[in-house]
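Worksheet: one structure, shown below.
Naming: A, B, ... by sequence-line order, numbering from 1 per chain. All values reported here derive from a predicted model rather than from experimental measurement.
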Protein chains: 2
Amino acid sequence: MSSNVTLKQIAEALGISAMTVSRVINNKKNVDEKTRKKVLEKAKSMGYTPNYLAKSLVSNKSFTIGVVVPEISHSFFPEVIRGIEEVAYQENYQLILTHSAEDAEREKAAIETLRSKRVDGIMISCSQFTSDLSYFEELRSSGLPVVFFDRCMDEAGFSCVGVDDKAAAKKITQHLIDHGYKKIAHLKGAQGLSIGRRRLEGFIEAMSENQLEIADEWIVESGLQEKGGFEAMMKLLDLPEDKRPRAVFAINDPAAFGAIEAIRERGLVIPDDIAIVGFSDDIRAELLPVPLTTVHQPAYEVGKKAAETLLSIINGENESVENIEVLTQMKIRSSCGVH
Amino acid sequence: MSSNVTLKQIAEALGISAMTVSRVINNKKNVDEKTRKKVLEKAKSMGYTPNYLAKSLVSNKSFTIGVVVPEISHSFFPEVIRGIEEVAYQENYQLILTHSAEDAEREKAAIETLRSKRVDGIMISCSQFTSDLSYFEELRSSGLPVVFFDRCMDEAGFSCVGVDDKAAAKKITQHLIDHGYKKIAHLKGAQGLSIGRRRLEGFIEAMSENQLEIADEWIVESGLQEKGGFEAMMKLLDLPEDKRPRAVFAINDPAAFGAIEAIRERGLVIPDDIAIVGFSDDIRAELLPVPLTTVHQPAYEVGKKAAETLLSIINGENESVENIEVLTQMKIRSSCGVH
DNA sequence: GACCAGAATGTTAACGTTAACATCATTAAT
DNA sequence: ATTAATGATGTTAACGTTAACATTCTGGTC
């Protein structure tokens with residue numbers, strides 16, 4: 001119940017001024033050794049804890065950064081957060097973690113709250129349904145440092161830290177092509193999102209460079225979760241025999257998992273009947289009965305890089321709006337066919 | 001670059017007092033409709049965002065709660081955090097997430113920082129090496145609401161939200177016994193931690209109730225990670241043939257994964273040569289070549305319950321120190337032998 | 001038109017801290 | 001002893017907000 005001890009209380013207890021106590025607590029010089037000792041003892045015995053709220057109010061600096069993620073459950077975001085936390089910790093920043101649950105409104109509200117709490121900067125990974133650009137323009141005009149990570153709004157004018165989505169998508173599509181597949185489908189993500197757009201672009205580029213046809217019905221929106229993957233795959237499986245793709249590139253692993261479930265339900269075999277590849281290298285990918293060929297995203301690195309980028313903006317060392325890509329790595333397993 | 005607009009600036013721009021603006025922003029009554037409208041418009045056009053730091057300083061209430069976790073990577077903690085976040089969100093609290101990385105000193109530092117940032121309460125899951133009780137006693141005397149979750153310090157005098165560790169450990173050990181195993185080993189966790197102690201207790205209780213011998217060398221400390229599990233299992237496998245256990249109960253799934261690796265390296269077969277069970281139902285458990293029998297921990301529920309408990313203390317609705325157990329569920333798969 | 005209730009608005013001080021400046025004490029140099 | 005320089009400490013105001021109290025305005029009543 002000792003409530004909260006203040007500098008002034010310590011000062012009074014010792015018959016000195018609050019300023020002197022402040023100097024001791026902050027290790028400033030020009031304080032007599034005896035006084036310093038006395039103050040430190042008293043502070044300890046009274047259980048003093050400095051009030052950063054007051055400090056922040058004066059200094060206009062909170063040493064807090066806000067993080068907005070669309071989901072927490074899957075392995076990717078926790079790893080990113082670990083990366084962010086590591087960098088923040090090194091620089092004495094704390095993280096306010098908020099979760100939009102893939103809801104654009106909740107995301108907006110989260111950002112507003114973070115601003116009110118006077119975070120020194122915000123890191124955002126957008127929900128699947130984020131589309132209101134004007135809001136981000138307003139945010140930008142506030143001058144608050146912001147970086148996007150993984151799921152970016154390209155036109156918002158903030159730096160974005162992600163992976164080489166397009167290149168990787170192209171490469172893994174090419175891998176399927178190299179296996180001899182010609183009829184290849186893509187389970188795509190929302191096109192408002194950088195990852196949705198870029199992975200589709202990579203897919204298309206690989207296909208056209210190989211003069212392969214992309215039937216309209218082979219590009220199906222699945223979203224980023226299992227359920228969507230399942231439903232999208234079902235649509236593909238419902239196509240007439242000769243229109244059905246022989247291989248599928250899913251926007252990410254969860255969507256691939258859903259698709260795999262659909263394929264299994266139809267009694268088809270991977271990769272013999274249909275080959276499939278994913279993206280993200282979910283922790284489960286290699287443990288599947290037919291291990292999933294996918295693209296490994298160095299999530300921890302993305303988190304670190306994004307945090308470093310934000311901190312450099314906060315510290316005024318960096319003004320430019322950049323697009324930073326951490327390099328991925330293909331994980332060739334068995335779901336794509338023999339190799 | 002609009003920096004941060006204040007109430008006073010809005011007031012000046014309109015030629016009225018800051019107080020009136022404050023009243024409008026906070027939806028207090030006794031404000032003329034015209035004034036209200038004028039103020040809201042101006043606030044919008046100037047890009048006003050309330051400063052919660054200042055608010056918190058006055059009200060001594062930050063609507064922020066601190067969370068300290070020992071790790072972020074594995075599936076358990078992200079789920080717990082999701083549960084915490086959900087409850088916090090409903091009640092308009094934000095989360096400051098800190099990560100001790102299984103380091104007792106870093107944990108202490110994190111708690112101090114959270115106190116400085118004047119969080120309204122703290123939720124802690126201890127590192128494996130936390131042992132300094134006196135620190136927690138000091139913390140308790142500060143009067144700040146605290147609850148432990150999952151990994152608790154029983155003697156610290158704070159409420160603890162976890163699972164029915166002892167009962168579940170006993171049950172899963174009994175399951176091995178029911179399979180006819182008599183020589184059963186336990187890979188244990190740090191005994192400073194509630195989960196380490198309770199799971200060991202459950203194991204011992206099941207064994208003694210069945211009049212089974214527990215050889216000293218069958219209880220090996222593995223810690224909570226794969227590496228420790230691997231090394232501990234190696235020790236067991238190095239025992240002379242007749243002393244070697246036929247079944248193993250690992251403190252948690254990661255430790256079990258490490259142990260499985262050790263067993264595999266020795267060319268032994270699960271469950272034929274050695275049966276193994278874990279605890280926590282890691283996302284990978286059911287995907288292993290021999291799916292792991294384990295105890296499912298409702299992590300999301302633990303997070304929710306812990307957050308609810310903390311908030312009830314913060315709101316002064318609850319004074320008592322409780323030990324809350326969320327019920328687990330056994331997941332019988334194949335690693336424990338036929339069933 | 002005097003008076004009053006209630007609504008609308010304003011003023012002051014406080015939350016805990018520290019930058020900037022002011023004062024007082026001590027020591028060293030002349 | 002006088003002065004200057006430096007070290008130790010104190011005072012004031014400010015950060016943005018709001019509770020508590022103070023003042024002014026409005027319309028209605030007699």
Side-chain angles (χ1 to χ4, degrees), chain A residues 2-40 42-43 46-64 112-113 115-120 142 144, chain B residues 2-40 42-43 46-64 112-113 115-120 142 144:
Chain A
S2 79
S3 194
N4 278 319
V5 181
T6 70
L7 287 184
K8 212 186 291 180
Q9 285 169 17
I10 298 178
E12 265 164 28
L14 293 170
I16 61 179
S17 80
M19 198 57 223
T20 301
V21 180
S22 168
R23 277 190 268 255
V24 173
I25 299 294
N26 294 287
N27 265 310
K28 297 276 166 77
K29 49 191 156 187
N30 290 355
V31 180
D32 189 87
E33 250 338 290
K34 275 182 221 154
T35 315
R36 184 182 297 276
K37 221 170 178 180
K38 233 175 28 179
V39 169
L40 286 177
K42 202 68 175 179
M46 293 178 75
Y48 175 74
T49 313
N51 185 330
Y52 282 15
L53 291 179
K55 240 180 177 163
S56 299
L57 183 59
V58 176
S59 63
N60 203 23
K61 170 101 181 121
S62 65
F63 281 96
T64 306
E112 280 309 303
T113 307
R115 289 181 66 186
S116 289
K117 295 218 163 163
R118 291 297 185 266
V119 293
D120 295 331
S142 82
L144 184 67
Chain B
S2 80
S3 194
N4 278 321
V5 181
T6 70
L7 287 183
K8 212 186 291 181
Q9 286 169 17
I10 298 178
E12 266 165 26
L14 292 171
I16 62 179
S17 79
M19 197 58 222
T20 301
V21 180
S22 168
R23 277 189 267 255
V24 172
I25 299 294
N26 294 288
N27 265 310
K28 297 276 166 77
K29 49 191 157 191
N30 289 355
V31 181
D32 189 86
E33 251 336 291
K34 274 182 221 157
T35 313
R36 183 182 297 274
K37 221 171 176 179
K38 234 174 26 179
V39 168
L40 286 176
K42 202 70 176 178
M46 294 178 74
Y48 174 74
T49 313
N51 186 329
Y52 282 13
L53 291 179
K55 241 181 177 163
S56 297
L57 184 59
V58 176
S59 63
N60 203 22
K61 171 101 181 120
S62 65
F63 280 97
T64 305
E112 280 309 304
T113 307
R115 290 181 65 185
S116 288
K117 295 217 164 164
R118 292 295 185 265
V119 294
D120 294 332
S142 82
L144 184 67

[atom1] of [X] versus [atom2] of [N]: gap in Å, rounded?
| X | N | atom1 | atom2 | value |
| --- | --- | --- | --- | --- |
| A:Y52 | D:dG16 | OH | P | 21 Å |
| B:I10 | D:dG16 | CD1 | P | 12 Å |
| B:K8 | C:dT11 | NZ | P | 12 Å |
| B:E12 | C:dG10 | CD | P | 13 Å |
| B:K38 | C:dT9 | NZ | C1' | 11 Å |
| B:R23 | C:dG10 | CZ | C1' | 8 Å |
| B:K61 | D:dT18 | NZ | C1' | 17 Å |
| A:L53 | C:dG16 | CG | P | 10 Å |

Counting any heavy atom closer than 4.0 Å, what does [X] reach on the DNA or RNA strands: base, sugar-phosphate only, or nothing?
| X | answer |
| --- | --- |
| B:T6 | sugar-phosphate |
| B:I16 | sugar-phosphate |
| A:N60 | nothing |

Please report the interatomic distance NZ(A:K37) to CG(A:D32), rounded to the nearest 0.5 Å.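 A:K37 atom NZ to A:D32 atom CG measures 11.5 Å (nearest 0.5 Å).
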Donor-acceptor check, side chain of A:K117 to backbone of B:F63, threshold 3.5 angstrom: yes or no?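 The answer is yes, because a donor-acceptor pair under 3.5 Å joins these two groups.
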Side-chain donor/acceptor of B:S116 to backbone N/O of A:Y52, under 3.5 Å: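 No; zero donor-acceptor contacts below 3.5 Å.
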Check [X] against [Y] and note the closest heavy-atom contact, atom names and distance.
| X | Y | answer |
| --- | --- | --- |
| B:S62 | B:S56 | CA-OG, 3.5 Å |
| B:R115 | B:S142 | NH2-CB, 3.3 Å |
| A:K28 | A:R36 | O-NH2, 2.9 Å |
| B:M46 | B:A13 | SD-CB, 4.3 Å |
| A:Y48 | A:L7 | OH-CD2, 3.4 Å |

Compare the minimum distances between each of [options] and the side chain of [X], then state the nucleotide with the smallest one.
| X | options | result |
| --- | --- | --- |
| A:K55 | C:dT18, D:dT17, C:dG10 | C:dT18 |
| A:Y48 | C:dT18, C:dT11, C:dT17 | C:dT17 |
| A:L57 | C:dG16, D:dT11, C:dT11 | C:dG16 |
| A:N51 | C:dT17, D:dT18, D:dC15 | C:dT17 |
| B:N26 | D:dT11, D:dT18, C:dG10 | D:dT18 |
| B:T20 | D:dT18, C:dG10, C:dT18 | C:dG10 |

Give a yes/no on whether any side-chain N or O of A:S22 is located under 4.0 angstrom from OP1 or OP2 of C:dT18.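 Looking at the OP1 and OP2 atoms of C:dT18, one of them is under 4.0 Å from a side-chain N or O of A:S22.
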Considering the options A:T20, A:V24, A:V21, A:I16, which one meets the side chain to side chain contact (heavy atoms under 4.5 Å, CB included) requirement together with A:I10?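 Looking at A:T20, A:V24, A:V21, A:I16, the match for A:I10 under the side chain to side chain contact (heavy atoms under 4.5 Å, CB included) is A:V21.
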Below 4.5 Å, heavy atoms only, C-beta onward: do B:K55 and B:N26 meet side chain to side chain?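 Side chain of B:K55 against side chain of B:N26, heavy atoms only: contact under 4.5 Å found.
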Listed in order of residue number, which residues of residues 28-36 of chain A have a non-hydrogen atom at under 4.0 Å from DNA chain C?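 Of all residues in residues 28-36 of chain A, the ones placing a heavy atom under 4.0 Å from DNA chain C are A:K28.
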Report the residue (B:R118 or B:A18) whose heavy-atom-nearest nucleotide on DNA chain C is the more 5′ of the two.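 First, find each residue's nearest nucleotide; the 5'-ward one identifies B:A18.
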Stem regions touching DNA chain D, defined by at least 3 consecutive Watson-Crick or wobble G-U pairs below 3.5 angstrom: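 Result, WC/G-U stems under 3.5 Å: C:1-30 with D:1-30.
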